[in-house]
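These notes are about the structure you will find just below.
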Protein chains: 2
Amino acid sequence: MKPTTDKADPIARARDAFRARGMRWTPQRRAILEVLVGASGHVTGVELIERARLRDSETTPSTVYRTLDVLEELGLVSHSHGHDGREEFHVWPVSRHGHLACEACRATWEIEGDEALAITGSLTRKRGFVVNLSHLTISGLCSECNGRTGANPGL
Amino acid sequence: MKPTTDKADPIARARDAFRARGMRWTPQRRAILEVLVGASGHVTGVELIERARLRDSETTPSTVYRTLDVLEELGLVSHSHGHDGREEFHVWPVSRHGHLACEACRATWEIEGDEALAITGSLTRKRGFVVNLSHLTISGLCSECNGRTGANPGL
DNA sequence: TTTTGTGCAAAAGTTTTGCAGATAT
DNA sequence: ATATCTGCAAAACTTTTGCACAAAA
């Protein structure tokens, strides 16, 4: 039989992490975590606010951003910035993959497996640098756009 | 003897690019270009505004941002976003290199040569994807910080 | 002279902050 | 009981936009 606290449940782990530091486990924090866990890939601050409101209509922007700060301090979440400059958050990089983004058509693909290894490998070997794959977005031109782009003399 | 228009001068080339498209070459645009060319690495929008003002005190934010848009359309400048979310601009990626950034100590290194090739190579071969190196920042933990970091259970 | 660019001022959009009241422990 | 959170409202900041005037070609 299972214990009431499932050790594999990320939400439960987060709750424990909060409590272990004397911080409180509130409905808002739970809602925000649930959204993050349920999201595949990135979520912007604004999306997070909207989705969290669906679960707890009282959730306000300030709470969301403050919670995200805490989550990031706890190492449970990390954020980067999209091409529009807005923050993009993601939880527990369970699926350790990066992204490939075409600057022309805006399409994206995931980078994982061999490709990921080709990128991280040399840096790890030569520099001892551990790449945070989930934070990685490589941009450029995809094969389709590469043909029909005449611009960018400098790139 | 040299021609009056030095073909190697990036400012002159920019001026020609503008005029070739029926766009005007103004003191403000010149000032902004000079700042960009004179900057090593990235400049944020706000920095650009301040520095351009030193050369032409009349320069306004709107002009700076509008000029940057144009420069980007012309392929003379590209931008990305720093970890604080602000835009970071850089001119003519003459030195085609990416950046490596440690999330803990914030130190950065350049990625070029073999390392750059290791990263771009597989993507080009397998996907025909042309990486925009000058837009690339790989983050993670450097060898020094990697040892002394206990946090980030998920990373 | 005509088209394009600039300055000004206000707006937009995301994220932050202060404070009084509410809540988890 | 009390230290921590939340909501609210206003502010902070960067970037964008509209419009009348100025300047380049």
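All values below come from the heavy atoms of this structure, side chains included, with hydrogens, waters and symmetry mates left out. The shown structure was predicted, so the numbers you read here are calculated from the model rather than taken from an experiment. Naming: A, B, ... by sequence-line order, numbering from 1 per chain.
If you check every strand for non-hydrogen atoms under 4.0 Å, B:S62 touches a base. At a threshold of 4.0 angstrom between heavy atoms, the contacts of A:T59 are confined to the sugar-phosphate backbone, with no base atom among them.
The distance from the CG atom of A:L33 to the CZ atom of A:R15 is 11.0 Å, given to the nearest 0.5 Å.
A donor-acceptor contact shorter than 3.5 Å links the side chain of B:T120 to the backbone of B:A116. Side-chain atoms of B:R19 never come within 3.5 Å of backbone atoms of B:R24 as a donor-acceptor pair (strictly under, hydrogens ignored). Using modelled atom types, one side-chain atom of B:R53 and one backbone atom of B:T59 make a donor-acceptor pair closer than 3.5 Å. Of the possible donor and acceptor atoms, one in the side chain of B:T67 sits under 3.5 Å from a partner among the backbone N and O of B:T63. Under the 3.5 Å distance criterion, the side-chain polar atoms of B:E50 are left unmatched by any main-chain donor or acceptor of B:E47.
When the P atom of C:dG13 is taken as reference, atom CD of B:E87 falls 16 Å away, rounded to whole Å. Summarising the geometry, the separation between OH on B:Y65 and C1' on C:dA12 is reported as 14 Å, rounded to the nearest angstrom. Counting to the nearest Å, the C1' atom of C:dT6 and the CZ atom of B:F18 are 14 Å from each other. Rounded to a whole Å, the CZ atom of B:R24 is 13 Å from the P atom of C:dT2. Atom CZ in B:R30 sits roughly 17 Å away from atom C1' in C:dG5 (whole-Å rounding). In this structure, B:R19 places its CZ atom 14 Å from C1' of C:dG5, rounding to the nearest Å. Distance, A:R15 CZ to C:dA24 P: 15 Å, rounded to whole Å. Going from atom CZ of A:R29 over to atom P of C:dT23 covers 15 Å, rounded to whole Å.
The nearest heavy atom of DNA chain D to B:M23 and to B:D69 marks one nucleotide each, and the one closer to the 5' end goes with B:D69. When each of B:P27 and A:Q28 is assigned the nucleotide of DNA chain D with its nearest heavy atom, A:Q28 is the one assigned upstream, toward the 5' end.
The aromatic rings of A:W109 and B:F129 sit perpendicular, their planes meeting at an angle over 60°, well past the 30° parallel limit.
The footprint of chain B on DNA chain D, defined by a heavy-atom cutoff below 4.0 Å, extends from D:dT14 to D:dA25.
The shortest distance between the side-chain N/O atoms of B:T60 and the OP1/OP2 oxygens of C:dT6 is not below 4.0 Å.
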